[in-house]
Amino acid sequence: MSVESILLLVLAAVAVVVAVRWVANRTGLPAAALLPIIGIAYALLPGPNVTLDPDIILTFVLPPLLYSAALDSSLMAIRRNLRTVVSLSVVLVFLTALVIGFGFAWFVAGATLAAGIAVGAAVAPPDPVAALAVGRKVGLPPKLLTLTQGEGLLNDATALTILSVAVAAATGGGFSAPSAFGQFLTAAAGGVAVGALVAFGIRMLSRPLGGDPLMVNAVSLATPFGAYLIAERIHVSGVLAVVVAGLIVGHHTPRSASGASRLQTTAVWRLVDFLLEGFVFLLIGQQLPEVVRGLAQYDTSTIVIAVAITVGVVLLLRPLWLLLTQSLPRSLHTWLGADGPDKDNARSRQAQRLTGREVAVLSWSGTRGVISLAAIFTLPLVTDSGAPFPDRDLLLFCTFVVVIVTLVGQGLTFAPIVQALGLRANETDQARLRNEARSASVEAALDTLDELEAQQHDNVHTDVIETMRGQLRVRLNRYQGRLDLLRETDSADLPVSPRYEAALHVRRVAIDAQREELLRWRDAGRLPDEGLRVLERELDHEERLLPDRPRR
């Protein structure tokens, strides 16, 4: 394929991703479900097609996506729900691989246990991108978002380790349970250690680089690849290294990075996520010709049984596992969500358990994605003896069907199910907490001004302190007024204050007027473009602080 053809495909993919995002924003349909459908439609047309290269996915696509998700996650929330996250990302992944493996060995003609575990490991880890995108849009409670995100960050390492062990057994390397368990522990512990060391190095670099957003962003973009390569070079989990590095860096970023660096880093990673996720979902659909090419050698009944086992286990085992872990006694320490700090308070523990509606939503959030396809495409073509890898084409097809069924089927129905169950975050409680934190921060600033005034520094004038104190008090009064309104309402939806909405409208009108006047100065030749960009950036930051509201 020529360079011009590659460039044309990339531009076409960007156009499709943007168009689908536009449609998704106006229809409410998830882009993660629409893009694979478009990819399948393109794959059926004549012309060049893009075949998934697992090495490219695992080396160039997976690290930045995982790192970005880890930066956006809450290390504290994952720690509070660590048992739940481990239950879903480690234990459930093991169970899914084993159940599918034994299902293949018992019911699929000619299939081996190792080959079944290989496909089970590939389809076991959910890709939470689609579920998280829809969940945030429909206002899913933070607890479920944390569980979905935490599971997606950690389950890939488990699945890829199981896959490597299964492939070694299938190709003639033999299988030893103690050896496999030791390999898993070594890979996991090594990945965590590498991730922590990389995060420590980034924190050390952030001090001298903290004042330059461009250098901070360059280091941020390189971090996931560095962590992955270091871990893979010493044969430990590169996935865990990336995740741990992202969680630690994200946790310490508020203290170690400047405001300008954080704003720019957030914008850069949002663009990276948008493009990479769009390309990945398009790429999934385009794999259809590759996965159906070798199915002619199998009987229809064999294909149907293999697909039924794979899809059935993926869809049914997850809710069964969630229900089981909810019903286990407290003494086994496997209550989902029972990781809060107040473990002696029975009411607190009961509130932290998942309700039936939460179990239903979390069960339906297990969409599979490109990681499953990339993993199954790493299967070798032949074994150590030179014979073809057992049922490789069938395993590819089963994985593809699982990805399409979950990504499209669950992706399109996830939002309606959440809305039908009435499971939404309490916006009033969240807004109340934010305004309480805002008030506390302003009160801390006022206390600091009192201390500064009492010290009577020669380089600080009293009138300057008084001016700042007045501005902070105006802001505190605004927060307290909003808090009073939030405390008076019993609704879960944000209350509407005509005065508050009018103030937002006036502030937007004032910013628009300032921006138009600056443009008139520029157009009249009174203000150079460089000066315009500086002043416009000030207005952009001021406008960005305003909450999202539809313009009147």
Side-chain angles (χ1 to χ4, degrees), residues 10-11 13-18 20-22 24-25 31-32 35 56-75 127-129 132-133 136-137 145 149 152-153 195 198-199 201-230 238-239 241-283 369-370 533-534 536-545 548:
V10 172
L11 293 177
V14 172
V16 171
V17 170
V18 172
V20 170
R21 177 65 174 263
W22 183 85
N25 289 338
L35 286 168
I56 291 179
I57 295 296
L58 296 176
T59 306
F60 292 100
V61 176
L62 182 60
L65 287 178
L66 286 175
Y67 187 74
S68 176
L71 288 177
D72 196 37
S73 300
S74 168
L75 180 61
D127 181 357
V129 173
L132 285 173
R136 292 191 178 103
K137 184 176 295 185
L145 290 176
Q149 199 167 37
L153 290 174
V198 170
I202 297 302
R203 288 186 61 191
M204 297 299 294
L205 274 177
S206 64
R207 295 171 183 173
L209 302 182
D212 192 326
L214 291 177
M215 289 194 293
V216 171
N217 272 274
V219 172
S220 181
L221 288 173
T223 299
F225 301 105
Y228 184 84
L229 289 177
I230 293 172
V239 171
V242 172
V243 169
V244 171
L247 287 173
I248 297 176
V249 170
H251 182 71
H252 292 284
T253 291
R255 284 193 175 94
S256 60
S258 65
S261 298
R262 285 194 300 271
L263 288 172
Q264 193 173 97
T265 301
T266 300
V268 167
W269 279 113
R270 287 185 64 187
L271 177 61
V272 170
D273 286 345
F274 173 66
L275 292 177
L276 282 183
E277 289 170 2
F279 290 154
V280 160
F281 289 128
L282 272 176
L283 189 63
V370 70
R533 284 189 285 270
V534 172
E536 197 171 39
R537 190 182 306 120
E538 296 175 0
L539 294 177
D540 291 342
H541 281 294
E542 184 178 348
E543 185 179 43
R544 186 69 181 86
L545 293 175
D548 292 331

Exercise. Of the non-hydrogen atoms in L276 and P64, which two are nearest, and what is the gap between them?
Worked result: CD1-CG, 3.6 Å

Seminar exercise, completed: Shortest non-hydrogen pair, Y67 vs V249, comes out as OH-CG1, 3.6 Å

For this session: Find out whether V14 and F279 are in side-chain contact, i.e. whether some heavy atom of one side chain is under 4.5 Å from a heavy atom of the other.
Result: yes

For this session: Please round to the nearest 0.5 Å and tell me the distance separating atom CG of L539 and atom CZ of R544.
Result: 15.5 Å

Exercise. Can you check whether S68's main-chain N or O pairs, donor with acceptor, with D72's side chain at less than 3.5 Å?
Worked result: no

For this session: Find out whether W269 and V272 are in side-chain contact, i.e. whether some heavy atom of one side chain is under 4.5 Å from a heavy atom of the other.
Result: yes

Exercise. Sequence neighbours excluded, which residues qualify as side-chain contact (heavy atoms from CB on, under 4.5 Å) partners of L263?
Worked result: H541

Exercise. Within the side chain of S220, is there an N or O that forms a donor-acceptor pair under 3.5 Å with the backbone of V216?
Worked result: no

Problem set entry | Partner of E277 by side chain to side chain contact (heavy atoms under 4.5 Å, CB included), out of D127, L65, V370 | L65

Problem set entry | Minimum-distance pair of heavy atoms, taken over all atoms of N217 and T265 | OD1-CA, 3.1 Å

Exercise. Shortest non-hydrogen contact from F274 to V17?
Worked result: CZ-CG1, 3.6 Å

Seminar exercise, completed: Value for CD (Q264) from CZ (R262), rounded to nearest 0.5 Å, stands at 13.0 Å

Exercise. Say you draw a straight line from CZ of R21 to CG of L35; how long is it, rounded to the nearest 0.5 Å?
Worked result: 10.5 Å

Exercise. Looking only at heavy atoms, what is the nearest atom pair of P63 and V242, with distance?
Worked result: O-CG1, 3.4 Å

Seminar exercise, completed: Closest non-hydrogen contact found for G250 with L71 is N-CD2, 3.7 Å

